[in-house]
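Heavy atoms only: backbone and side chains are in, while hydrogens, waters and symmetry mates are out.
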Amino acid sequence: MKKKTVKNVDKFYKLTRDAAPLSYMLPTRNSVHFSLMYFDEDTNTNRALRYARNQKSPFEDEQDDNAILEPVVFEDGMLSVPRTNPVLQEFLHYHPLNGVKFVEIDNEKDASADVDMLNTEIDALIAAKELDVEMMENVTRVLFGRDTSKMSTAELRRDLLVFAKREPEYFLDALTDPMLQLQGNVQMFFDKGLLSFRKNNTEVWYSTSSNKTRMLTVPYGNDPKETVASYLSSDDGIESLKMLEGLLS
C-alpha cells in the first residue's frame with residue numbers, strides 16, 4: 001500500500017491581543033530569560049525548542065551544530081509562514097505561547113464558530129420575541145431587578161430583545177433556570193414592600209402588616225436575593241413563601 005503523504009500548506013498566525021503592536025518578536029530558543037520547552041509524552045521528557053530554518057526539526061536535540069538561528073517577527077499582529085517552511089510551522093505548533101500569545105488562523109473553524117454564535121443570537125431573539133407579558137415581567141425582574149409595574153409592554157419587549165442580542169447565551173440560560181419564577185417573585189416581594197433589607201443588605205426582614213420579624217441574615221459574599229430564593233425553596237421557608245405569594249395575589 002502506498003504511504004499517504006501530508007500536503008504542506010501556507011499557514012497564517014495572529015496575535016491574540018486586539019490591539020496588536022506594530023511588531024512582536026517571538027522567543028525562538030530556550031534561555032534563562034524564557035523557558036522554551038515542550039513536554040514529550042512519548043519519552044516523558046522536557047525537550048528544548050529552537051527555530052533554525054536550515055534544520056529538519058524544531059527540537060534542539062535533533063539539530064546539528066550548524067544551526068542558523070533566525071528571528072520570528074509578527075508584523076502588525078500577523079505572521080505568514082509558507083508551506084516551504086514546515087520547520088517553522090512545526091515550531092509554532094509546539095511553542096508554549098501558542099494559544100496564549102498567538103493562534104493559527106483557521107477560516108473554516110472561525111466561520112463555524114461565527115455561525116454557532118449567530119444561531120444562538122437568533123434563538124435568543126426569537127425566544128425574547130415570543131415571551132408573553134407575564135414571563136417578560138418575570139424575566140425583567142430577575143435580570144434587571146426592576147419594578148415592572150412602572151414599565152410598558154413595549155419597554156419590556158425592547159429591553160429584553162436588546163439584552164438577548166447582547167448576551168444570548170446568558171439570556172437563554174436564564175429562561176431555562178428552574179429558579180426563574182421564584183427569583184421573579186422574590187423581586188416582587190421587595191418591590192411591593194413585603195420584604196425589606198436592613199443593615200446594608202445583610203439582613204432581610206418581613207414587612208407585612210402582621211409580621212415585622214427578621215427572616216434571615218445574608219452570609220458574607222452571597223447575593224441577598226438569591227439567598228432569599230434559596231431559603232424560600234427550602235423546607236424551612238416553604239410556609240413563608242406560601243404566605244408571601246398569598247399576599248401578592
Side-chain angles (χ1 to χ4, degrees), residues 16-18 100 113-114 116-249:
T16 54
R17 292 182 295 179
D18 293 332
V100 178
D114 288 342
D116 290 341
M117 180 184 67
L118 289 170
N119 282 333
T120 301
E121 182 179 313
I122 290 170
D123 291 342
L125 289 170
I126 291 175
K129 181 181 178 182
E130 294 180 347
L131 292 178
D132 58 31
V133 175
E134 182 179 354
M135 191 63 170
M136 281 197 299
E137 291 177 343
N138 200 38
V139 175
T140 298
R141 285 191 290 267
V142 173
L143 292 180
F144 311 127
R146 296 177 186 168
D147 183 355
T148 58
S149 64
K150 300 176 182 179
M151 300 178 67
S152 67
T153 301
E155 289 174 318
L156 291 169
R157 185 80 68 188
R158 177 201 62 198
D159 290 354
L160 288 176
L161 284 169
V162 170
F163 185 85
K165 181 176 178 62
R166 187 173 66 246
E167 300 286 349
E169 290 186 3
Y170 185 85
F171 180 78
L172 291 172
D173 286 343
L175 292 185
T176 57
D177 187 345
M179 292 286 284
L180 178 68
Q181 182 64 50
L182 178 55
Q183 289 173 336
N185 284 346
V186 168
Q187 183 63 46
M188 287 187 68
F189 298 155
F190 284 99
D191 291 343
K192 301 300 182 181
L194 300 177
L195 294 177
S196 63
F197 288 117
R198 296 187 189 181
K199 295 185 178 181
N200 295 322
N201 291 2
T202 61
E203 292 184 353
V204 178
W205 287 64
Y206 296 102
S207 298
T208 69
S209 59
S210 60
N211 191 344
K212 304 292 184 182
T213 61
R214 184 175 62 186
M215 172 189 281
L216 55 83
T217 298
V218 181
Y220 178 76
N222 286 23
D223 181 271
K225 292 177 182 177
E226 288 184 2
T227 301
V228 173
S230 179
Y231 169 73
L232 293 176
S233 64
S234 69
D235 292 339
D236 292 336
I238 191 65
E239 292 302 322
S240 295
L241 176 61
K242 292 179 180 178
M243 180 269 292
L244 291 168
E245 289 179 336
L247 292 174
L248 274 183
S249 59

### Query
Is the count of non-hydrogen atoms from other residues, nucleotides or ligands lying under 6.0 Å from Asn200 atom CG greater than 12?
no
### Task
Search all heavy atoms of Leu180 against all heavy atoms of Ala174 and return the closest pair with its distance.
CD2-O, 3.7 Å
### Task
With Phe189 as reference, evaluate Val204, Thr208, Val228, Leu194 under the side chain to side chain contact (heavy atoms under 4.5 Å, CB included) test and give the passing residue.
Leu194
### Message
Quick check against the 3.5 Å criterion: does Asp177 have a side-chain atom that pairs as donor or acceptor with the backbone of Met179?
### Response
yes
### Spacing of CD belonging to Glu121 relative to NZ belonging to Lys165, to within rounding of 0.5 Å
4.0 Å
### Query
If you measure from the Lys or Arg side-chain nitrogens to the Asp or Glu carboxylate oxygens, is any gap between Arg146 and Asp159 under 4.0 Å?
yes
### Task
Determine the sole option in Leu160, Thr140, Leu156 for which the side chain to side chain contact (heavy atoms under 4.5 Å, CB included) test with Leu131 is passed.
Leu160
### Query
Strictly by modelled atom types, are Asp191 and Gln187 linked by a side-chain donor-acceptor pair under 3.5 Å?
yes
### Query
So Phe144 and Phe163, would you call those rings parallel, tilted or perpendicular, with 30° and 60° as cut-offs?
perpendicular
### Message
Is it the case that the side chain of Arg157 and the backbone of Ala128 share a donor-acceptor pair, with hydrogens and angles ignored and the cut-off at 3.5 Å?
### Response
yes
### Glu155 atom CD, neighbour heavy-atom count above 12 within 6.0 Å
yes
### Summary
So CE of Met215 and OG of Ser207: to nearest 0.5 Å the spacing works out to 9.5 Å
### Summary
One should read off an interatomic distance between Glu137 CD and Asp147 CG, to the nearest 0.5 angstrom, of 9.5 Å
### Query
To the nearest 0.5 Å, how far apart are CG in Leu244 and CD in Glu239?
11.5 Å
### Query
Just wondering, are more than 12 heavy atoms of other shown residues or ligands nearer than 6.0 Å to NZ in Lys212?
yes
## Note on the structure
Rounding to 0.5 Å, atoms OG1 (Thr176) and CZ (Phe171) come to a distance of 10.5 Å
### Task
Measure the CD-CG distance between Glu167 and Leu172 for me, rounded to the nearest 0.5 Å.
11.5 Å
### Task
Look only at the side chain of Thr120 and the backbone of Asp116, and say whether a donor-acceptor pair between them is shorter than 3.5 Å.
yes
### Task
Over all heavy atoms of both residues, which pair between Lys129 and Leu161 is shortest? Give the atoms and the distance, please.
N-CD2, 4.1 Å
## Note on the structure
Scanning both residues in full, the closest heavy-atom pair of Asn138 with Gln181 reads ND2-CA, 3.3 Å
